[in-house]
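Please read all numbers here as calculations on a predicted model, not as lab measurements.
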Amino acid sequence: MRRIIQRLIAAIVLSIGIVAAAVGTSYGQDKVVRIGYQKYGKLVLLKSKGTLEPKLAADGYKVVWTEFPSGPPLLEALNVGAIDFGNTGEAPPIFAQAAGAPIQYVAYEPPAPKGEAILVPKDSPLKSVADLKGKKVALNKGSNVHYLLVKALEKVGVKYSEIEPVFLAPADARAAFERGAVDAWVIWGPFQAAAEAATGARTLTDGTGIVANYQFYFSSKKFLEANPKIVDAVLAELSSVDDWAKGDIHAVAEQLAPAIGLSVPVVEVALKRQAYGIRPITDAVIADQQQVADAFFALNLIPKSIKISDVARKPGS
């Protein structure tokens, strides 16, 4: 009987501990904004500036930053509740929404078509996008450059099924590109500018006249519904950083270069290809993004048709 009582007491203590931990975590999460960022972009500038933390501290919130190598894993983290806010290019949210992720578009940056490109080695015999037929093309699956490749091929009458996509993260794609394991590489800045500077890579085409190349900012649906003012505060600080960046690109390059391991001139090239301005989601942007979703569905790259308007922040919300 004594052993039974001891076991019951131990079980009760353990249960209380688990509940207490869960409650503590819940309360902690209520007062934390978890932001996912990539090594390059406005969010990493906001992080390095350190202006968001005191702003949110006034409302009792802390900021936790988590770095991701690209957009798809960032949105997967948002999907599973590991982060509350982040940004990616135009393609990752299409895949995320199709997979049922509770994302909400909350803002965007204007088009930056020169900020991504299809590259080939400097001595490559390939001279045009049409020459990619039957070739191996490296890209990060589900990233913004996925759409660039689809539309660039379409423009010259080459089917997506007529090239061999090789899905690699940027670092692995760069290695494959340099050793000749792939014929072309579809990539965004600053990796794009870095490859050009280091290897003399040539551009078959960038996004000009083909794709918009938007950058989008997202919140989880749950976090936005519970904390709309906090989301607005993050966007307001992003706008301030964006204004600074637009006005002094050299200073921004000097700040970013050491963190991302690239030279200041290379980062400057990438920054000049970016767009500036943090803006609320509009019907026109939703329509453009719907075209991306429809193109991916037509190619069976996503399992179902989706409506972007279903996950776009409504004015005043």
- Among all residues two or more places apart in sequence or in another chain, which pass the salt bridge (charged side-chain N to carboxylate O under 4.0 Å, His left out) test with Glu109? Lys42
- With sequence neighbours excluded, what pairs up with Glu76 under the salt bridge (charged side-chain N to carboxylate O under 4.0 Å, His left out) test? none
Heavy-atom side-chain contact between [X] and [Y] under 4.5 Å:
X      : Y      : answer
Tyr160 : Pro165 : yes
Pro72  : Asn140 : yes
Tyr276 : Pro110 : no
Ile249 : Lys272 : yes
Leu256 : Leu271 : yes
Phe85  : Val231 : yes
Val166 : Leu139 : no
Val182 : Val137 : no

Is a side-chain donor-acceptor pair under 3.5 Å present for [Y] with [X]?
X      : Y      : result
Gln289 : Tyr108 : no
Asn227 : Tyr61  : yes
Glu237 : Thr51  : yes
Asn144 : Glu90  : no
Thr88  : Gln215 : no

Is [Y] paired with [X] through a side-chain N to carboxylate O contact shorter than 4.0 Å?
X      : Y      : value
Lys135 : Glu164 : no
Asp232 : Arg313 : yes
Asp206 : Lys114 : yes

- Task: Quick one: sort the Phe296 and Tyr147 rings into parallel, tilted or perpendicular, breaks at 30° and 60°.
- Result: perpendicular
- On the 0 to 90° scale, with breaks at 30° and 60°, tag the Phe216-Tyr214 ring pair as parallel, tilted or perpendicular. tilted
- Query: With no hydrogens and no angle check, is any side-chain donor or acceptor of Arg34 less than 3.5 Å from a backbone partner on Gly81?
  - Reply: yes
- Between the main-chain N or O of Lys136 and the side-chain N or O of Asp183, is there a donor-acceptor pair closer than 3.5 Å? yes
- Does Asp123 CG have over 12 foreign heavy atoms under 6.0 Å away? yes
- Task: Go through Gln104 and Ser220 one step at a time and tell me if the side-chain contact (heavy atoms from CB on, under 4.5 Å) criterion holds.
- Result: CA-CA 6 Å; Gln104 292 283 296; Ser220 71; over 6 Å; no
- Item | Centroid separation Tyr105 to Phe218 less than 6.0 Å | yes
- Item | By side chain to side chain donor-acceptor pair (under 3.5 Å) - contacts of Arg202 (at least two apart) | none
